[in-house]
Structure formats: C-alpha cells, structure tokens
2 protein chains.
Amino acid sequence: MRPRLADVAARAGVSIKTVSNVINDFPHISTQTREKVTAAIEELGYRPNLSARNLAKGRTGVIVLGVPRLDMPYFASLAMQLITAAEAASWWVQIRQTRGERAAELELLAETRQSRIDGMVLSPLRLRESDLAERSGLPLVMLGERRFAAVDHVGIDNAAAAASAVQHLLETGRRRIAVVGGPGRTDRRVVGARATLRAHGLDLPAALHLPVRGVTGRHGEEAMKAFLGSGHPMPEAVFCVTDWLAMGVIRALRLHGFAVPDDVAVMGFDDIPYDLAALPTLSTIAPDREEIARLAVASLRRQEGATAPEVQHTVVGHRLVPRESTAATGPVPTTRR
Amino acid sequence: MRPRLADVAARAGVSIKTVSNVINDFPHISTQTREKVTAAIEELGYRPNLSARNLAKGRTGVIVLGVPRLDMPYFASLAMQLITAAEAASWWVQIRQTRGERAAELELLAETRQSRIDGMVLSPLRLRESDLAERSGLPLVMLGERRFAAVDHVGIDNAAAAASAVQHLLETGRRRIAVVGGPGRTDRRVVGARATLRAHGLDLPAALHLPVRGVTGRHGEEAMKAFLGSGHPMPEAVFCVTDWLAMGVIRALRLHGFAVPDDVAVMGFDDIPYDLAALPTLSTIAPDREEIARLAVASLRRQEGATAPEVQHTVVGHRLVPRESTAATGPVPTTRR
DNA sequence: TTGAAAGCGCTAACAC
DNA sequence: GTGTTAGCGCTTTCAA
C-alpha cells in the first residue's frame, strides 16, 4: 500500500505531528529533525493523500475555471496553463463552458454559494457589475476584458494591445482602418483602436465600425459581408478583436475578390495555432497566458488566506506578432483559373 | 455549515447507514424509508462530501485524460465531453498534454503505478504494444487510432471513415487522389483510403502518398510543398488525415496557384470549428466524440469493479460532412489583382 | 520543539 | 431492512 504519515513518522523515529509540521513548512523545527523526516519521506516515496488532507482542512481541493468554449484554442491553452499553476496549490481544475451565455455565467456565479469548490476563475462575456450580488465570499478572480470593482482581475491591457495593433497597421502604410468587434467583451479593444486612430488625426467613422454578436468566424464573415454589401468605400485594413473573427473576415473579403493583405490588411487578436496554417498567416496580439494563469491562482490563494482581502486588478503583458496578413506587400499570389 | 449525513439521518428519523444506503442505491430499502430519506436530503440540500467519500472508499476521485495537445479543438471538445461523462461517476478529470511525444506518453503510463488517480484515458500517438509492460492494474482505456491487445479501446473505425472520405472524393468525380498522413497514429486512415482506391480499380502510387511527421498545418504545408516541387502530375483531390493538415495543404496549393476545390479538392478529418471559417470551408469526417467520452468512462467504471476485467474494444460512429473544399464545382472565385 | 488524541464526513463490516 | 461502529489519512488543538 501507499505509505502513510504514520509510516514516515515510524521510519524517522518521530511523531505524526512532527512529520506533518515538516510537510506543511511550519516554523520551529530543528534542522536535524527536519532532515530526518525529509529523508524518510524520500526513502518511502511518501505523497500525502489529498482526500484526507482536504477532508481535514475542510477544503474540497477543486477550483472551477469558467470559459466560453474550450474548443477555442485561446481558452484551451489558458486552461492548460491554469491546470499547471493550480497543481502547485494542490488544486484540481474543473473546466466549465458558458458558451458566452449570460445564464450560464450567472449559474456559475451562483455555484459559488454551495461550498463544493474552493474558488473560481471566471472569464465572463455577459456579466454585469450588479450580477455580483449573487456572489458569496468564495475566492473569485475574473479574467478577460471586463473589470469589476469588487472582484480581483487578471488580464492584459486590452486597450493598449489594440492600440499597438492599430499602430502596426498605420506603420505598414494603412490609413483607412475598419474595426470588427464590440459591443460586448471586446469593448476595450475597440476603444483602444479608436483612440489610436484619433491620436493620428484619423477617425473611426460609424461605417467602419462593424459590430458583432459573437467572436467566431461566422460572425466575422457576416459582418464583413454586410459591409461589402453596403457600398461604402473599402478600408485598407481591418482590425478584428479575435483571430477567429479575422478568419471569417478574410473569407468574406476573398469571396468578394479582395486580396489579403494586398488589397486589405487584416489583423487579429489572441494568437491561436491555426493562424499559421491560414493563408495568409494571421498577424495578431499574443497575450501572456502563462502569466495570467499564474496570477489567477495566486489571487485565489491570497483570498483563501485573508478574511477581507483587498481587491486587486493586475495587468499582464502581451506581444505584437506581425505575419503575412499585414505585410506591407503581400506574398499572396492570384489563384490560377 | 453544509449538512452532513448525520443531519439527514436525524431529519428523516433513521440511521446514518440507511441514508448512505439510499444514496448509494443499495437494494432492500422499503419504499417508505427511501422516500423519507430523499425528502430529507431535498429539504436540507444535502450533497455528499467527495473528499470524505473518496477517503473512505480508497479512491482519489480523479482520472487523467492524456491528449497530445489541448489547443487542438478536436481534443478540446473531447475533453469537455469526458469531463461531463466523468462527472456522473464523481470523477474529476485532470488533463495532461503529451505533445505527441513518446517520453511524455510513457511518463503518463508510469504514473499509473503511483496510486494518485483512479484511472486513465489515454490518446497515444507513439506508444508501442511492448510499452504496456509499464502499466499497473489501474483502470486504463485507450482512444485514438491504435488498438492494443491488452487494453480497453474506444474509437471510431478509422479505416472505414477514411474509406467513406475517399468514396466521397470519387463520387464527386475525382480519380487521381493523393493521401497526406502516416506513418504514425494515422496509419489506419491511410490503409482505409488505399483500400478504397484499390476497390475502385485505382491505386495509391508512392508519389501520391505524402507522409508527415506530425498533424499540424505546418506539416501539411511542407508535405504538399515537397510534392509540388517534385514535378509529379497533380492529383485531382487530396485526402488529409486531419483537418489541421488539410489547412496547411490548402495553403501550399494556393501559394502555388491552384484553386481549391476547382483544381484540387481537399478533404480533412476531425471536424474542428475552424473548418467553417476557412476558405473554402473544409469537408471532413466528424467522429462521435460524445459517445467516445461516454464509453471511455464506462470502461473505467467496469474495470474499477472487476478484478480481471475482460478487454473490450469498442467502435463508435462517425459522419461524413461534405463542405466547399470537395464541392463538385467550387464556388471559390479568383482573387482580384 | 514534539507528542497524543480528537475529529473531518463518509463507507462497510457486522450485528440485530 | 436497519442500526452500530470502526476505520480511511490527515490536520490541529492542547499538553508536555
């Protein structure tokens, strides 16, 4: 059978409590005892039983990660990073999908009350500040674009990231720039884009702001199709608030005979792996997901400890990744017909 | 505090054991008592404490799902389905990534010995039959293309699915068909494709079998590029053993001036959400992932109960999903230049 | 600084 | 059919 605390204690010639003290890094243990104990642990290959520990401590050992969809590679890789970060805190991660639906997000928030979990990391799309009344004292941290006054938050500076995306488009020679995104979780990105245009003496006319009701390829394609049918003069570049949107936008553009990036440059946001298999490969913004995951777990631990923890909003880094879709002169050939 | 078993028992006026019996669906309980108990459970909102239960039962309450990469939407949605299916058996799913590396897969197999988990669902790419010596008696079920004699397996009939894909290409008028995939996990798909060609009096000449060392867009693009540089006469269609490969193949084709599907039809395998944002949208094979997940969990439960469970290999269904990339006459326009 | 012992909430013999 | 009770392996007062 697996060795237990008692086995380690016997081997080290100390009491159970002493072993427990060593394992939990309690102060006031003589270096000598500590060494004896760690040696015994090593020799026996002892690993604590999490069920027993959690039972004794009154925690469940599980945190929930709520994301819109796991089959969006952005959230998938975020999930993996979170699983890794949570492991260090002896937490299993239960992944839940909200499909971006408000009802599902509220439901998760409500589950906060039944004490079946130790904490929650939530990436909401439709939650409002007032919904947080639903919340209990359970450790909670939000990801994503929206910040809530009363809840910890970890995320990139979306406005700044969008700004650098638009900046990149400007630097590659585009002036007339359309934005696909918002309203919704993508607001900050639209705001950042608009601000940058304005800072350069440009504008985001209503005709060039293409709102979407979702962030998938279909939504991007429909938005761009609607624009193309509107008869407005073409933009030289399109900034999309997600890569998936951008794929749909490119599809619509090409179906209407426009070359990307030669006729229209397209910029995405998220850095998903398929960007590299697309034609053209997609220029994008890459958030530092590992850091986001690390800090989210850190937030939960902090809240777990304190009774009335201070609310913290943390900003993590991002990177601009220029690829073919915004190249100054596109390598994309005509299709032979 | 959360109600405990004892609270329910008191409320129902019975003993703890009786409540436990009801909860665990033991036989021989009078309908009357059962009703009293369920009522009490309802009123108190009782939910069993999993840590306590697992501790008492000697299980950990956790199973591992090992997949190559979670940011491949195929595995992401499989993971979600598995999480749902596992929940019904009171299991948390710990997702682990192997990146398709043999070392990582062996490591997971080895973890089977430390009894930190109750079971494992593994989707291996590089494991060999002989590696299974590493395995302990822990419940284990394999997914994916490869079947192992001594281990439960759940999956679609890859050869048959590949056959129907090739059949579809033949029915849409293509005769000269290339196959991108193998060696490796994709072998069965190549086998199925080859068999179907042969059944139609056709052949898969060596020049038209493009092997790959991975299943990503990059691999597909490189394989197709190499072919295009070889000077061999062009195929009328390409069957790729994954959608991601297909995206890369399409990229290479178009970079060389070929139109899809008008010059060359392309067929994928997996049914990932990005297929719909691609241009052209990708025809593919959609495995029944929900069924795969359900049966994988069922297999673990079966093994958990029995001492020497019979090995079961189970086949689940798949669907052919024809889209633009194999349309008889493609709707893809030329790019305006 | 270390030890003894009482739970944490549930399951499973074993008796009734 | 139903009740009693001894653990499951760990944490944590409270003494020593």
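Below, chains carry the letters A, B, ... as their sequence lines are ordered, and counting in each starts from 1.
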Heavy atoms of other groups near Glu111(B) CD, more than 12 under 6.0 Å: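 More than 12 heavy atoms, drawn from other residues, nucleotides or ligands, come within 6.0 Å of this atom.
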
Spacing of [X] atom [atom1] relative to [N] atom [atom2], expressed in whole Å:
X        : N       : atom1 : atom2 : result
Asn49(A) : dG9(D)  : CG    : P     : 7 Å
Asn54(A) : dC10(D) : CG    : C1'   : 10 Å
Ile41(A) : dC10(D) : CD1   : C1'   : 13 Å
Leu5(B)  : dT4(D)  : CG    : C1'   : 14 Å
Asp25(A) : dT12(D) : CG    : P     : 14 Å
Arg34(B) : dG1(D)  : CZ    : C1'   : 12 Å
Asn21(A) : dG3(C)  : CG    : P     : 10 Å
Ile23(B) : dT2(D)  : CD1   : C1'   : 15 Å

Heavy atoms from C-beta onward define the side chain here; which of [options] lies closest to that of [X]?
X        : options                   : value
Ala56(B) : dT4(D), dT11(D), dT11(C)  : dT11(C)
Tyr46(B) : dT11(C), dC10(C), dC10(D) : dC10(C)
Thr18(A) : dA12(C), dC8(C), dT2(C)   : dT2(C)
Thr33(B) : dG1(D), dA13(C), dG3(C)   : dG1(D)
Lys17(B) : dT2(C), dG1(D), dG3(D)    : dG3(D)
Ser15(A) : dT11(C), dC8(C), dT2(C)   : dT2(C)
Ile16(B) : dC10(C), dT11(C), dT12(D) : dT11(C)

OP1 or OP2 of dG9(C) under 4.0 Å from side-chain N/O of Arg4(B):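 So the side chain of Arg4(B) is within the cut-off, an N or O lying under 4.0 Å from OP1 or OP2 of dG9(C).
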
Presence of Ser20(B) side-chain N/O under 4.0 Å of dT11(C) phosphate oxygens OP1/OP2: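 So the side-chain polar atoms of Ser20(B) do come within 4.0 Å of the phosphate oxygens OP1 or OP2 of dT11(C), strictly under.
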
Residue pair Ser299(B), Gln303(B): steps toward the side chain to side chain donor-acceptor pair (under 3.5 Å) verdict: CA-CA 6 Å; Ser299(B) 160; Gln303(B) 294 179 58; 2.9 Å; yes

Select base, sugar-phosphate, or nothing to describe what [X] touches, counting heavy atoms under 4.0 Å on all strands.
X        : result
Ser51(A) : nothing
Lys57(A) : sugar-phosphate
Asn24(A) : sugar-phosphate
Leu50(B) : nothing

5' precedence on DNA chain D between Gly13(B) and Leu55(B) (nearest-nucleotide basis):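 First, find each residue's nearest nucleotide; the 5'-ward one identifies Gly13(B).
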
Polar side-chain atom of Arg135(A) near backbone of Ala150(A) as donor-acceptor pair, under 3.5 Å: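 Yes: the side chain of Arg135(A) pairs with the backbone of Ala150(A).
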
Under 3.5 Å: donor-acceptor pair, side chain of Glu304(A), backbone of Pro139(A):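 Judged by distance alone, no pair lies under 3.5 Å.
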
Least distance between heavy atoms, Leu127(A) atom then Glu105(A) atom: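 Minimum heavy-atom separation between Leu127(A) and Glu105(A): N-OE1, 3.2 Å.
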
Polar side chain donor-acceptor pair, Ser136(B) to Arg113(B), under 3.5 angstrom: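 No - no donor-acceptor pair under 3.5 Å links their side chains.
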
